[in-house]
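This structure is a prediction, so every number in the text was calculated from the model and none was measured. In what follows, residues are counted from 1 in the order of the sequence shown. FYI, side chains are in, hydrogens and waters are out, and symmetry mates aren't considered; it's all heavy atoms of this structure.
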Amino acid sequence: MTATGRGSDEQPLAGTDKNELENIEIELLLCGIHRLYGYDFRNYSLPSLRRRIWHRVHGENLSSISALQEKVLHDRACFERLIYSLSIPVTEMFRDPSMFRTFRQKAVPLLRNCPSIRIWHAGCSTGEEVYSMAILLKEEGLYDKARIYATDINNRSLQQAKEGVYEISKMQQYSQNHMEAGGKRAFSEYYTAKSNSVILQPELRKNITFAEHNLATDTSFNEFHVIFCRNVMIYFNDELREHVHSLFFESLSRFGLLVLGTKESIHFNRYSDSYEPLDRVEKIYRKIK
């Protein structure tokens with residue numbers, strides 16, 4: 001008697017679109033990750049996900065997303081590599097210097113009135129933005145009363161951030177960024193060179209707490225005077241962006257500041273009327289309701 005089921009080497013059913021099959025594979029992969037590991041990427045932007053998933057498929061020497069799913073579900077190390085691929089860090093010290101300069105000019109005077117300052121860097125990547133803020137606060141005499149919470153979904157990035165070790169080849173650019181951001185001291189005072197790397201001064205880390213946090217699934221954990229989330233939500237779909245804006249609204253104190261990336265916006269969500277722009281160009285907003 002002939003078996004009626006399709007063999008593993010047979011072609012997809014006639015009329016099945018290749019892109020549809022790929023979307024199903026991605027959906028199954030993300031569902032499996034969520035159920036097994038608790039990480040929810042299901043509301044990330046599909047084009048970005050597709051590129052990064054295929055990057056990992058090729059990196060694992062596999063031929064399909066389904067093959068990657070099987071390996072991810074049975075190999076924790078492969079899952080960790082995928083997480084890194086899905087959250088590839090793109091950052092630098094004092095990235096977008098004009099934003100830091102504007103923050104220094106417009107936000108710092110407001111923070112001086114706070115008896116203590118709580119700042120959250122959501123999606124902190126490898127920590128360059130966090131240390132940039134620590135340096136800025138130190139130069140403005142506010143670091144001792146500040147507590148910075150730096151979170152990310154990527155454990156490998158968090159580990160580098162905790163260590164504060166970066167490539168020496170980047171220091172010239174970082175020094176230039178620092179100067180353009182209104183730096184008040186020589187940037188070289190903040191690190192010690194060692195071989196091909198630099199180690200940031202330990203005093204910059206004393207008021208920073210690094211922790212894993214998933215914007216898609218985790219809740220608010222404190223009330224903050226400032227929240228930075230720059231160039232993170234561009235990878236989310238509309239539903240997840242709305243969720244994250246809700247999380248930030250709940251986490252910000254009244255008159256707290258929300259700082260977004262250059263390609264992100266406070267508009268088109270239900271909380272847009274609850275903010276006023278402190279600076280429209282640099283995407284710094286103040287919660288007023």
Side-chain angles (χ1 to χ4, degrees), residues 26-53 55-56 65 68-69 71-91 118-130 133 147-163 208-224 226-252 256 258-261 263-264 266 269-271:
I26 292 174
E27 181 181 342
L28 292 173
L29 170 64
L30 300 183
C31 182
I33 289 172
H34 181 240
R35 291 188 61 181
L36 184 60
Y37 297 109
Y39 288 76
D40 194 352
F41 292 96
R42 293 173 297 176
N43 285 318
Y44 278 51
S45 169
L46 185 58
S48 176
L49 275 176
R50 180 180 289 111
R51 288 193 304 271
R52 296 185 178 196
I53 287 172
H55 173 78
R56 190 70 258 139
I65 296 174
L68 178 64
Q69 178 194 15
K71 190 170 183 180
V72 162
L73 296 182
H74 293 88
D75 184 349
R76 175 80 192 202
C78 179
F79 164 70
E80 296 288 351
R81 292 192 293 271
L82 176 60
I83 289 293
Y84 190 75
S85 294
L86 294 179
S87 54
I88 296 172
V90 180
T91 186
R118 293 182 301 278
I119 299 175
W120 179 15
H121 286 263
C124 71
S125 187
T126 47
E128 285 90 334
E129 181 182 81
V130 181
M133 181 53 54
R147 172 62 66 180
I148 302 175
Y149 297 84
T151 65
D152 201 273
I153 194 175
N154 190 322
N155 272 319
R156 191 189 304 184
S157 294
L158 281 173
Q159 186 57 43
Q160 182 178 349
K162 292 175 184 178
E163 293 170 355
I208 302 176
T209 299
F210 292 100
E212 184 178 340
H213 184 276
N214 188 334
L215 289 172
T217 57
D218 294 337
T219 59
S220 176
F221 58 93
N222 210 327
E223 184 178 72
F224 299 95
V226 182
I227 295 177
F228 279 81
C229 187
R230 304 174 66 225
N231 307 308
V232 175
M233 286 189 282
I234 56 175
Y235 301 112
F236 299 166
N237 66 14
D238 290 342
E239 181 182 347
L240 184 51
R241 275 194 291 269
E242 187 76 14
H243 168 78
V244 174
H245 273 296
S246 176
L247 174 64
F248 290 160
F249 182 80
E250 295 170 2
S251 302
L252 268 178
L258 176 63
V259 185
L260 301 177
K263 296 180 180 180
E264 295 161 335
I266 195 67
N269 71 77
R270 67 178 182 271
Y271 299 102

Measure the [atom1]-[atom2] distance between [X] and [Y] for me, rounded to the nearest 0.5 Å.
X      : Y      : atom1 : atom2 : answer
Arg42  : Thr217 : CZ    : OG1   : 10.0 Å
Ile148 : Ile119 : CD1   : CD1   : 5.0 Å
Asn269 : His243 : CG    : NE2   : 13.0 Å
Arg81  : Arg156 : CZ    : CZ    : 8.5 Å
Lys263 : Ile234 : NZ    : CD1   : 6.0 Å
Leu240 : Asp40  : CG    : CG    : 8.0 Å

Could you pull out the closest heavy-atom pair between [X] and [Y], with the gap in Å?
X      : Y      : answer
Ala122 : Leu215 : CB-CD2, 4.2 Å
Glu264 : Met233 : OE2-N, 2.8 Å
Leu252 : Glu223 : C-CG, 4.3 Å
Thr91  : Ser125 : CG2-OG, 3.8 Å
Leu73  : Ile33  : CD2-N, 4.4 Å
Ile208 : Ala150 : CG2-CB, 4.3 Å

Taking side chain as C-beta onward, heavy atoms only, is [X] less than 4.5 Å from [Y]?
X      : Y      : result
Asn154 : Tyr84  : yes
Cys124 : Leu158 : yes
Ile83  : Phe41  : yes
His245 : Leu260 : yes
Leu49  : Leu30  : yes
Val72  : Tyr37  : yes

Query raised in the report: Can the ring centroids of Phe79 and Tyr39 be said to lie less than 6.0 angstrom from one another?
Result: yes
With [X], which residues qualify under side-chain hydrogen bond (donor to acceptor under 3.5 Å, both in side chains), at least two apart?
X      : value
Arg56  : Glu60, Ser85
Asp75  : none
Arg270 : Glu242

Requested in this report: Look at the aromatic rings of His121 and Phe228 and report parallel, tilted or perpendicular, splitting at 30° and 60°.
Outcome: parallel
Query raised in the report: Mind checking whether His213 and Phe221 have parallel, tilted or perpendicular rings, split at 30° and 60°?
Result: tilted
Query raised in the report: Do Tyr271 and Leu258 pass the side-chain contact (heavy atoms from CB on, under 4.5 Å) test, and can you show the C-alpha distance, the side-chain angles, and the key distance before you say yes or no?
Result: CA-CA 12 Å; Tyr271 299 102; Leu258 176 63; over 6 Å; no
Requested in this report: Show your reasoning for whether side-chain contact (heavy atoms from CB on, under 4.5 Å) applies to Thr209 and Thr151.
Outcome: CA-CA 8 Å; Thr209 299; Thr151 65; over 6 Å; no
Report task. Start with the C-alpha gap between Tyr235 and Arg52, add the side-chain angles, then the distance that decides, and say whether side-chain contact (heavy atoms from CB on, under 4.5 Å) holds. Result -> CA-CA 11 Å; Tyr235 301 112; Arg52 296 185 178 196; 3.4 Å; yes
Report task. Determine the sole option in Tyr149, Phe210, Phe224 for which the ring-ring contact (aromatic ring centres under 6.0 Å, His included) test with Trp120 is passed. Result -> Phe224
Query raised in the report: How far apart are the C-alpha atoms of Arg50 and Leu46, what are their side-chain angles, what is the distance that settles it, and do they pass the side-chain contact (heavy atoms from CB on, under 4.5 Å) test?
Result: CA-CA 6 Å; Arg50 180 180 289 111; Leu46 185 58; 3.6 Å; yes
Query raised in the report: Does Ser220 offer a backbone N or O that forms a donor-acceptor pair with the side chain of Glu250 under 3.5 Å?
Result: no
Requested in this report: Count the heavy atoms belonging to other residues, nucleotides or ligands that lie under 6.0 Å from CD of Glu212, then report whether that count exceeds 12.
Outcome: yes
